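Since the model is a prediction, treat every value here as computed from it, not as a measurement. Throughout, numbering of the chain's residues begins at 1 and tracks the sequence. Reckoned from all heavy atoms, side chains included, excluding hydrogens, waters and symmetry mates.
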Amino acid sequence: QFWPRNIKVFVGNLPATAIAMSDDEGFEDGAAFEGMAKDLPEGIQKEIITEAETSNWKRPGKGDEVTVHYVGTLEADGSEFDSSRSRDAPFVFTLGKGEVIKGWDQGIPTMRKGEVAKFTVASEFAYGDEGRPPAIPPKATLVFEVELISWISKDDLFGDGGAIKSQLEEGSGWKNPKKGEEVRVSIRATGEAGIVEERPSFDYVLGSGELGDLEKVVDKVLSGMNKGERCCVKCAKKYVYKDAAHGAVTLEVHLEEIYETDDVSLMKDGSIMKKQIKEGDGYEKPRDGAKVTVRIENATDGVNPLPGFTGPKTLHFCCGDGEVCDAIECATAEMKKDERSVVTCTAAAKCSEPRLGLAGVKAEKVVLTLELVDFPKPKDLWSTPGYEKVAYAASRKDVGGKLFKSKRFELALDKYKKVIEFLAQTDRFTEEDKIEAAELKRLSELNKAACYLQLGEPLNALLACNAVLKEDKYNVKALFRRAKAHFERGEHVDATNDIERLLALDPGNSDAKALLPQVKRAQRAADKESKSTFAKMCTGFGKLGSEEAAKQPEKPAPKQEPIEERNLDMASVSFRIDHKTEEGESIWVVGAAEVLGNWDVAKGLPLVRQPPKRDLEAMMAGKPQPECHVWEANLEMPVALGRVEYKYAVRKPSGDEIEGGDRHVLQLAGMGAGRCRQADQWRSRPSPPED
C-alpha cells in the first residue's frame with residue numbers, strides 16, 4: 001500500500017499510477033494550472049501524440065475530477081507495468097490532491113480533452129530512489145501514454161451550474177464528513193437584499209433535516225470540505241429558498257470541527273460512546289498500565305448537572321488498572337494527548353466514581369466532558385527482548401485477576417485479551433520465554449472463559465475453552481468451563497460428556513460432581529417438554545378422520561408383554577480402540593478387576609477386530625479397500641467396582657505380551673442398568689495424577 005492514509009488501494013485492483021505518490025507531494029505554487037501552462041520541470045517531458053480538437057480549448061484545474069486511459073512502461077527496457085486499457089476501465093482521480101504521482105499532478109493539467117500525450121517522468125517525480133519493487137525498480141524513469149477522456153469541475157456541486165463553490169480558506173487534514181456524522185459549522189446566507197439567515201457555530205448532523213431549505217446545498221458542500229475550511233457557494237433559486245423572493249443566494253460556510261464518535265465500550269455494545277470535540281496531538285494513545293492525568297470538566301444527565309458532582313477535577317491513575325470507573329477507563333484508553341471528548345454512558349454502574357461524588361449515580365444517561373492532560377510516551381514494547389514482554393504480559397494478567405475478584409468482569413476480560421494479543425508473535429523468543437508465553441496465553445484463555453461465563457456469553461466461553469483443549473485435551477479447568485458453557489446454552493448432552501470426561505481424569509472434583517445433577521435434571525426437564533410437545537402434535541394428527549374411526553367397532557386391547565426388569569447392579573461396558581497390529585497379533589483389555597483379569601493378560605478380555613467398511617468407489621476404480629484397525633468387545637461389569645483402571649495390551653500368537661499401552665480410567669458408579677462406551681486412543685503419556 002503506497003497511498004496516503006486516507007485512500008486505500010490494493011495493487012492490481014487499481015492502476016499502479018494511482019499508488020505512485022507521497023503523503024507530502026503536491027503542487028508547487030499552482031504554476032502548472034495557470035492558463036495555457038506548457039512549462040514543465042526537466043524531470044517531466046511531454047510529447048503530444050494526438051492533438052485535441054480545436055474546440056476543446058479548456059484544461060482541467062486543481063480539484064477537478066479527471067478521467068484518463070493510460071499505459072505505463074519502464075524507460076529502461078520498455079516493459080509494461082500497468083495499464084488501464086488492458087483492464088478496459090478508465091482511471092478516475094482528483095487533480096492536486098496528491099492521489100497520483102507528482103509527474104501526473106503537474107503533467108495532466110497541460111492536456112486538453114481528447115488529447116493523447118506521452119510523458120517521460122524521472123524518478124524524483126514518480127517513485128523516487130526507493131522505487132516500488134518488484135514492479136518498479138529503484139530510481140526508475142517511467143513512460144506513460146495518457147489519453148485525457150474528460151473531467152468534471154468539482155466546484156460545480158450538482159453539475160448544472162446551479163451551485164458553484166469557491167474556496168475562501170483551505171482547511172487541514174484529509175477527512176471529509178459523511179452523512180450521519182456530526183460537525184460544528186457556521187453558516188450565513190446572503191440574498192440580493194442582504195443577509196437572509198445567519199447561524200454562527202452550531203452542531204449539525206449531516207442528513208438530519210435540521211437546515212430546511214439549505215440542507216441539500218450545505219450537506220453537499222460539507223461532504224467535500226476539510227476541517228477549518230471556509231467557502232462560499234453561489235446558489236440558483238431552485239436550490240435554496242424556492243418559495244421566497246431572495247433571488248440568487250450566496251452561502252458562506254465555515255467547517256469548524258468534525259466530530260469523531262466511537263463506541264469505546266469494552267463489549268462494543270454502545271453503552272459508552274466518545275465524541276471528540278477537540279483533536280489531540282500526534283497519534284499515540286496511553287499504553288495499558290501507563291500513569292495518566294485526566295481532567296473531568298463536568299458531568300450531566302444530558303441536560304442538567306448531576307447532583308453531587310465535585311468537579312471540575314483532575315484525576316491521576318494507571319490506565320486499565322480499574323482505579324476509576326469503566327466510562328473514564330474506556331474513554332481514556334482511546335484518547336490522544338490534549339484531546340477533549342464528551343463521553344455518553346447509558347449504564348449507570350459504569351459511571352460510579354466516588355472521587356467525583358458520583359458513587360451512587362442513578363441517571364439513565366451520564367454525560368462526562370473530559371480532557372487527557374498528560375501521559376508518558378509509550379515504550380516500544382514490540383522491539384524489546386522476549387523476557388521483558390513476558391514480564392509485562394504477566395503483570396497485566398495479574399491485574400486481570402484482581403479485577404475479576406472485584407467483579408469488574410469486562411475490564412478483566414480486556415486484560416486477558418491484550419495478554420494473548422501481545423504474545424501472539426514469539427518467533428524471536430528464547431525457548432524458555434516461549435514456554436512462559438505459552439503458559440500465560442493458556443491461563444489467559446481459561447480466564448477469558450471465566451469472564452464470558454460471568455457476562456452471560458457462553459458461546460465465547462466455549463470458544464476460549466476449545467482453544468485451550470486444542471493444545472491440552474486433558475485440561476480439567478477447560479473441560480469444566482466448557483461444560484458450564486454447554487449447560488447455559490442448553491446443550492445438555494455435550495455438557496454431560498465433558499463432565500464425565502473430567503471425572504474420569506479427576507474423580508474427586510467437587511464442582512463437577514455438583515454440576516452433573518443439575519445438567520441431568522435440566523436434560524430430563526427438556527426431554528419432558530419435548531415429549532409433551534410431541535404428544536400434542538400426535539393428538540392433533542390423531543383427530544384427523546376421527547368421525548370415520550368412530551363408526552368402526554372397537555378392537556380388543558392387545559396383550560401387553562411383560563416388561564423385562566433391568567439389573568441395576570450391572571452396567572454394560574463397550575471397549576473400543578483403533579490400533580494397528582502385526583499379522584497374528586491380538587489386543588486384550590486387562591485391568592484392576594476380576595472380570596478384567598486383575599492385570600493378568602492371560603485372564604483379560606480379548607477384543608475382536610472389526611471388518612472394514614466397503615468402499616464401492618474404490619472397488620469400481622480397482623483400488624484396494626481401506627484398512628481397518630478397530631478392535632471392540634462388550635462386557636457386563638458390576639457397578640459396585642466404582643472407579644476401575646485398565647489398559648490395552650498387544651499379544652503375540654504365543655500369548656506373550658509384547659506391548660502395553662498406558663492406563664485408562666472407567667467410572668461405573670451411578671451407571672446401573674446403563675451402557676458405557678469406552679472409545680479410547682492408544683497413548684503412551686503418563687496417566688492423570690490421582691489428585
Side-chain angles (χ1 to χ4, degrees), residues 2-4 6-22 25-27 30 32-38 40 44-73 80-121 125-127 135 142-165 167 174 176 220-221 223-225:
F2 306 118
W3 290 77
N6 57 320
I7 303 176
K8 296 180 179 178
V9 65
F10 295 94
V11 178
N13 292 340
L14 288 178
T17 314
I19 62 173
M21 62 179 189
S22 69
E25 287 178 346
F27 292 88
F33 295 96
E34 298 298 330
M36 304 285 291
K38 296 180 181 179
L40 291 171
I44 306 174
Q45 298 178 16
K46 176 184 176 183
E47 176 185 348
I48 297 177
I49 299 175
T50 303
E51 290 276 3
E53 295 181 3
T54 54
S55 58
N56 295 334
W57 55 271
K58 290 185 178 180
R59 289 177 168 81
K62 181 178 180 179
D64 290 348
E65 187 179 88
V66 299
T67 302
V68 300
H69 258 310
Y70 70 93
V71 176
T73 58
E80 180 181 308
F81 62 84
D82 199 10
S83 171
S84 65
R85 295 190 184 277
S86 62
R87 290 188 297 274
D88 195 24
F91 174 53
V92 180
F93 69 98
T94 303
L95 272 174
K97 299 296 185 181
E99 295 181 7
V100 290
I101 60 174
K102 197 171 183 180
W104 272 40
D105 265 344
Q106 296 195 23
I108 301 300
T110 68
M111 300 180 68
R112 296 182 293 166
K113 182 178 178 181
E115 179 180 323
V116 179
K118 182 174 78 171
F119 291 94
T120 303
V121 183
F125 295 96
Y127 292 89
L142 309 180
V143 178
F144 294 95
E145 181 184 292
V146 182
E147 177 187 2
L148 179 57
I149 299 172
S150 63
W151 76 86
I152 300 173
S153 173
K154 297 296 287 186
D155 294 332
D156 188 348
L157 297 180
F158 301 103
D160 60 358
I164 305 299
K165 170 192 169 185
Q167 188 180 72
W174 53 267
N176 307 124
K220 181 69 174 178
V221 73
S223 65
M225 295 177 69

The criterion is salt bridge (charged side-chain N to carboxylate O under 4.0 Å, His left out); which residues satisfy it with [X], sequence neighbours excluded?
X: E47; result: K118
X: K220; result: none
X: D160; result: K238

Salt-bridge criterion met for E115 and R59 (N-O under 4.0 Å): no

What are the two closest heavy atoms between [X] and [Y], and how far apart are they?
X: P60; Y: L148; value: CD-CD2, 4.0 Å
X: K46; Y: I48; value: CE-CG1, 3.8 Å
X: V121; Y: G103; value: CG1-CA, 4.1 Å
X: K165; Y: L157; value: CB-CD2, 4.1 Å
X: G98; Y: D105; value: N-OD2, 3.6 Å
X: S223; Y: N176; value: O-CB, 3.2 Å

Under the side-chain contact (heavy atoms from CB on, under 4.5 Å) test, residues paired with [X] that sit two or more places apart:
X: K58; value: W151
X: T73; value: V71, E80, V143
X: V116; value: I49, T50, E145, E147
X: Q45; value: T120

With K113 via side chain to side chain donor-acceptor pair (under 3.5 Å) - residues at least two apart: none

Mutual orientation of the aromatic rings belonging to W104 and F93 [parallel < 30°, tilted 30-60°, perpendicular > 60°]: tilted

Worked check of side chain to side chain contact (heavy atoms under 4.5 Å, CB included) between L142 and F125: CA-CA 10 Å; L142 309 180; F125 295 96; over 6 Å; no

Residue pair L40, T110: steps toward the side chain to side chain contact (heavy atoms under 4.5 Å, CB included) verdict: CA-CA 9 Å; L40 291 171; T110 68; 4.0 Å; yes

Separation of I149 CD1 from S84 OG (nearest 0.5 Å): 7.0 Å

Rounded distance (nearest 0.5 Å) linking atom CD1 of I164 with atom CG of D156: 4.0 Å

Evaluation steps, salt bridge (charged side-chain N to carboxylate O under 4.0 Å, His left out), between R112 and E51: CA-CA 8 Å; R112 296 182 293 166; E51 290 276 3; 3.6 Å; yes

D88 (side chain) donor-acceptor with R85 (main chain) under 3.5 angstrom: no

Side-chain (S83) to main-chain (S86) donor-acceptor, under 3.5 angstrom: yes

A side-chain contact here means heavy atoms from C-beta on lying under 4.5 Å apart; do [X] and [Y] qualify?
X: I108; Y: V146; answer: yes
X: L95; Y: P109; answer: yes
X: F119; Y: Q106; answer: no

